[in-house]
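Report on one structure; see the data block that follows.
These figures come from a predicted structure and were not determined experimentally. Chain identifiers are assigned alphabetically (A, B, ...) following the order of the sequence lines, protein sequences preceding nucleic acid strands; residue numbering begins at 1 within each chain.
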Protein chains: 4
Amino acid sequence: MNTINGIMKRPNKKNLPPGRLKITQALKTLLEHKEFNGITTAEIAKNAGVTEALIYKYFSDKRDLLHEVLREYLENYGVQLEWDLKGIKGAINKLRKLIWSHINVYATNRVFARILLVEVRNHPDYYRSETYKLVQKYSDTVLSIIQEGIRDQEIRDDIPPKLIRHGILGSIEQVCLSGIIFGREISPEDLTEDLCEFIFKGIERKDV
Amino acid sequence: MNTINGIMKRPNKKNLPPGRLKITQALKTLLEHKEFNGITTAEIAKNAGVTEALIYKYFSDKRDLLHEVLREYLENYGVQLEWDLKGIKGAINKLRKLIWSHINVYATNRVFARILLVEVRNHPDYYRSETYKLVQKYSDTVLSIIQEGIRDQEIRDDIPPKLIRHGILGSIEQVCLSGIIFGREISPEDLTEDLCEFIFKGIERKDV
Amino acid sequence: MNTINGIMKRPNKKNLPPGRLKITQALKTLLEHKEFNGITTAEIAKNAGVTEALIYKYFSDKRDLLHEVLREYLENYGVQLEWDLKGIKGAINKLRKLIWSHINVYATNRVFARILLVEVRNHPDYYRSETYKLVQKYSDTVLSIIQEGIRDQEIRDDIPPKLIRHGILGSIEQVCLSGIIFGREISPEDLTEDLCEFIFKGIERKDV
Amino acid sequence: MNTINGIMKRPNKKNLPPGRLKITQALKTLLEHKEFNGITTAEIAKNAGVTEALIYKYFSDKRDLLHEVLREYLENYGVQLEWDLKGIKGAINKLRKLIWSHINVYATNRVFARILLVEVRNHPDYYRSETYKLVQKYSDTVLSIIQEGIRDQEIRDDIPPKLIRHGILGSIEQVCLSGIIFGREISPEDLTEDLCEFIFKGIERKDV
DNA sequence: CATGAATGAGCATTCATTCAT
DNA sequence: TATGAATGAATGCTCATTCAT
C-alpha cells in the first residue's frame with residue numbers, strides 16, 4: 001500500500017516541477033529556525049539551489065509561497081485526519097480523536113503550527129487565499145461531527161454548534177500556543193486528556 | 001495626593017524633554033496595531049512629530065527605544081504592585097493579589113504585555129539591558145513572598161521555591177498569551193480564580 | 001597578437017556582466033578626483049548608470065568594491081611585470097627593471113597608486129582580502145630575485161634578503177608618495193636611476 | 001623668563017575663554033589617533049567636556065576649528081623659528097637651521113604635520129583662510145633668506161629664488177611625508193644632513 | 001559664557017520583485 | 001523549465017549645524 005505512517009502520498013506530488021519542490025522545501029527548512037519575515041527570497045533561492053526569479057514563476061509573491069507551504073501541511077493533515085477518524089463510532093469519540101490528531105500535528109510539525117498560528121493570522125491576504133478554504137473545510141468537518149453528536153443526543157442541543165466548535169478549536173490553540181512560541185514540549189496525550197475533560201464536561205449531554 | 005488610580009506620578013517624568021516623550025508615546029501608539037519589526041523609524045518620527053535623528057539623540061537604537069518603553073511600563077507596574085500588596089497578610093493572599101495584579105496589567109495594557117511576551121524575548125540584547133533587571137527584581141519579589149510562605153508554614157517546603165515561582169509565572173503567561181496574541185478579552189478575575197485554584201492546590205501546605 | 005602595450009587582455013574580462021564593469025569603471029573615474037571615503041555609493045551608481053542595489057549584487061560592500069578595483073590593477077601589473085622581466089639576465093638587472101616597472105605603473109596609474117598607498121593601508125579588512133594575496137605574491141617575486149642574486153654572488157649575503165626587500169619596496173614608496181599625494185609629476189627614469197644608485201651601492205657584492 | 005624650551009608663551013592664550021581652549025585641545029588629542037574626517041563634532045564636544053553648540057560659538061564650522069588648531073601650531077612654530085635663527089650668520093647657515101627646525105617640528109608634532117600635509121591641502125577653503133597667510137608669511141621668510149644669500153653672493157644668482165624656495169620646501173615635505181603617513185620615526189639630524197648635502201650642492205655659489 | 005533641544009540632508013545597505021532570454 | 005541582470009523603494013542610522021534661552 002502506498003502509505004507512510006498511515007499518510008497517503010499525494011499522487012500529484014510526483015509531477016510537480018523539481019524547482020518548485022526545492023523552493024517549498026527550502027522555505028520549510030528555513031522556517032524551522034527563523035521567522036518568515038526574517039527569511040529573504042535570496043536565502044530561499046540559495047537554500048533551494050535555484051534563482052530568485054524562479055520563485056516568482058511558481059508563486060505570485062513571497063506570502064503566496066508561504067500559503068502554498070501551509071497548504072501542503074493542511075492537505076497532509078486532511079488526509080491524515082480522514083484516516084484517523086476511520087472506524088470510530090460516536091461523535092464524542094470522534095471529537096476526542098480529532099483533538100488528539102490536531103494537537104499531535106502541532107506537536108510534530110512546529111513549522112506548520114507556527115505558520116498557522118503566528119505567521120498568516122494577521123495578514124488579510126491569507127483570508128482571501130485558496131489555502132484558507134482548506135481551513136474552512138476542516139472547520140466544517142468539526143461542525144458536522146458536532147451536529148452528528150447533537151442529532152444522536154450525545155451532545156447538548158442548547159448550545160449553538162458553532163459556539164461549541166469555537167470553544168474546541170480555541171482551546172486547542174490556547175494550550176498549544178505557548179509551547180509553540182516558546183519552543184516548549186507539547187504532549188498530545190496529556191493535553192488531549194486535560195482538554196477533553198474540560199470540554200466534554202461542558203458539552204456532553206447528561207442523559208435524563 | 002499626587003496619584004492616579006493609586007499610581008504615583010513619577011516626578012522625573014515631567015522634566016524629560018518633550019521630544020523624548022513624544023517618541024516613546026508614538027511607539028506605544030503604533031504598537032497597538034503593528035508589531036515592532038513592522039514599525040519603521042520614519043513612522044515613529046512622523047507620529048511623534050519629530051525628526052528621525054532625534055530618536056537617536058535619546059536612544060542608542062530602535063531596540064533601545066523599545067526597551068525604554070518597556071521600562072516605563074515595568075516601573076509603573078512595580079509601583080502599582082507595591083501599592084497593591086500593602087496591608088495584605090499571609091503569603092498565599094499576597095500571591096493571589098500579585099497574580100491578579102499581573103494578569104490585570106496585561107489585560108489593561110496589551111502593548112506592555114506584547115512587548116514583554118513576544119517582542120523582546122528572543123533578542124539577546126534584552127537580557128543585557130537595564131530593563132531586564134527590573135524583571136529580575138520583580139522575579140525576586142515573587143520569590144521572597146514564596147519564601148515567606150514557606151517560613152510561615154503556609155506553603156509546602158518540599159518543592160524548591162524557584163520551581164514554585166517558575167510554575168506561577170509560567171502559568172500566568174500561558175493563560176494570557178493567546179488572549180494577547182489574538183486580541184481576545186482577558187478577564188483578570190476569572191483567570192486569577194482558575195489559576196489560583198490550580199496552583200494553590202499544588203503548593204499549599206496541608207496542615208497536619 | 002591580442003595585446004596592448006604588451007599587456008594581454010584578460011579573456012574573462014569580456015564575460016563579466018556589463019553592470020559590474022560599469023561600476024568598477026565608475027569608481028576608477030571618481031577616484032581620479034576624490035578620495036574613496038568622500039565618494040558615495042549613490043555617486044558611483046549614478047556615474048555607472050546603474051542603481052545602487054546593483055553594487056551590492058556584485059560586491060559585498062563598498063570597500064569590497066575598492067578591493068576588486070585594486071585587484072584589477074594588481075593583476076594587470078602582475079602580467080605586465082612578467083612580460084617586462086622576460087629575457088633579462090642577472091638579479092641586479094632584474095631588480096632594476098622591476099623598480100622601473102613599479103615606479104612606472106605608479107606614474108601612469110595614479111588611481112592604482114593612491115588606492116594602494118593611502119586608501120587600503122589603514123584598514124584591517126584589506127589584509128584579510130584575496131587582493132592582499134596578490135601583493136604578497138608580488139612581494140615573493142621580489143624576494144626570489146634577491147635570493148637568486150645572493151646565490152649567484154651578485155648580491156651580498158650578509159644582509160637578510162627580507163631586509164633588502166623591505167629596503168627596496170620602502171624606497172619606492174618613499175620616492176613616489178609625495179608625487180602621488182600632491183599630484184606632482186613622477187619620472188620613472190630619473191627616480192629609478194637615483195634609487196638604484198642608492199640601493200645597489202649598499203647591496204651589491206664587491207668582488208674580492 | 002616667560003619661556004618653555006625657548007618657546008614664548010603667547011600672552012593672549014591666557015585670556016581665551018576656557019571653553020574655546022578645551023575644544024581646540026580636544027581636537028588636537030583626537031587627531032593623534034584619528035583622521036579629521038573620522039572625528040565627529042559630538043566626539044570633540046564630549047572630549048572637551050562642552051556641548052556641540054559651543055563649537056559653533058567660537059568657530060564658524062568644523063573645518064574652521066581645524067584651521068584654528070593649525071594656526072596655533074603655526075604661530076608657535078613662527079615664534080620658535082624666530083628664536084632659532086637668532087644670532088646665526090650667513091644665509092646658508094640660516095637655511096640649514098631653518099630646515100632642521102622645520103623637520104624637527106614635524107618630527108615632534110605629528111598632529112601639526114598631518115594637518116598641514118594631508119588634512120587641509122585638498123580643501124580650497126584653506127587657501128582662503130587667515131591661517132594660510134601664516135604659511136605665506138613663513139614662505140616669505142624663507143624667500144628673504146634666499147635673497148639675502150644671493151645678495152651676499154653665498155647663493156647662485158642664476159636660479160630664480162622662488163624656484164629655490166620651492167625646491168627646499170618640497171624636499172622637506174618629501175622626506176617627511178612617508179614618515180608622517182606611515183607613522184615611522186623621523187630623525188631631524190639625519191634628514192637635515194642628507195637634505196642639505198643635496199640642496200646646497202645645487203644652489204651654493206662656487207666661488208671663482 | 002554656555003547649553004538643551006531639535007533638525008535636514010545624506011549615508012551604506014537591504015529586499016522583494018521584474019523581465020528578456 | 002529556468003536563469004542572469006537589474007531595479008525601486010525603503011531601512012536604520014549619522015552628523016554637522018542651528019537657535020532659543
Where each residue is assigned the nucleotide of DNA chain E containing its nearest heavy atom, which of B/Lys57 and D/Val50 is assigned the position nearer the 5′ end?
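Comparing both residues, the 5'-ward one is D/Val50.
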
Starting at atom [atom1] of [X], determine the distance to atom [atom2] of [N], rounded to an integer number of angstrom.
X	N	atom1	atom2	result
D/Leu54	F/dC19	CG	P	17 Å
D/Asp64	F/dA16	CG	P	15 Å
D/Lys62	F/dT18	NZ	P	14 Å
C/Leu16	F/dG4	CG	P	14 Å
A/Arg20	F/dT1	CZ	C1'	14 Å
D/Leu65	F/dC15	CG	P	16 Å
A/Ile55	E/dC19	CD1	P	17 Å
B/Leu21	E/dA6	CG	P	10 Å

Of all of residues 31-47 of chain B, which get a heavy atom below 4.0 angstrom from DNA chain F, listed by number?
B/Ile39, B/Thr40, B/Thr41

At 4.0 Å (heavy atoms only), tell me whether D/Phe59 reaches a base, stays on the sugar-phosphate, or touches nothing.
nothing

How far does [atom1] of [X] sit from [atom2] of [Y], to the nearest 0.5 angstrom?
X	Y	atom1	atom2	result
C/Glu72	C/Leu21	CD	CG	7.0 Å
D/Arg71	D/Leu65	CZ	CG	12.0 Å
B/Lys28	B/Asn47	NZ	CG	14.0 Å
A/Arg110	A/Ile115	CZ	CD1	14.0 Å
A/Ile23	A/Tyr56	CD1	OH	10.5 Å

Global bending angle along the helix from E/dA2-F/dT21 to E/dT21-F/dA2, which compares the axes of five pairs at either end, to 10 degrees
30°

What are the two closest heavy atoms between D/Ala45 and D/Glu52, and how far apart are they?
CB-N, 3.6 Å

I would like to know whether B/Lys133 and B/Glu130 meet salt bridge (Lys or Arg N to Asp or Glu O under 4.0 Å); could you show each step before the answer?
CA-CA 5 Å; B/Lys133 292 186 182 160; B/Glu130 285 299 305; 3.1 Å; yes

For the side chain of [X], starting at C-beta, report the closest nucleotide among [options].
X	options	answer
C/Thr51	F/dG8, F/dC15, E/dT17	F/dG8
C/Pro18	F/dA2, F/dA6, E/dT3	F/dA6
B/Tyr58	E/dA6, F/dT7, F/dT3	E/dA6
A/Ala53	E/dT7, E/dT13, F/dT3	F/dT3

base_contact_polar (F/dC15 base, D/Glu52 side chain, donor-acceptor, <3.5 Å):
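When only heavy-atom distances are counted, D/Glu52 does not reach the base of F/dC15 through any donor-acceptor pair under 3.5 Å.
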
Any donor and acceptor pair, going by atom type alone, linking the side chain of A/Arg20 with main-chain N or O of A/Tyr58 inside 3.5 Å?
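No.
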
Indicate every side-chain donor-acceptor pair of residues 118-127 of chain A with a distance under 3.5 Å to a residue at least two apart or in another chain.
| from | atom 1 | to | atom 2 | distance (Å) |
| --- | --- | --- | --- | --- |
| A/Glu119 | OE2 | A/Phe36 | N | 3.0 |
| A/Arg121 | NH1 | A/Leu116 | O | 3.4 |
| A/Arg121 | NH1 | A/Glu173 | OE2 | 3.4 |
| A/Arg121 | NH2 | A/Glu173 | OE1 | 3.3 |
| A/Arg121 | NH2 | A/Glu173 | OE2 | 2.5 |
| A/Tyr127 | OH | A/Arg121 | O | 2.9 |

Would you indicate, yes or no, if F/dT17 has its OP1 or OP2 atom less than 4.0 angstrom from a side-chain nitrogen or oxygen of D/Tyr56?
yes

5′-ward residue of the pair A/Lys22/D/Ser60 relative to DNA chain F
A/Lys22

Run through C/Leu27, C/Leu54, C/Val50, C/Thr24 and flag the one making a side-chain contact (heavy atoms from CB on, under 4.5 Å) with C/Ile44.
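With C/Ile44 as partner, side-chain contact (heavy atoms from CB on, under 4.5 Å) holds for just one option, C/Leu27.
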
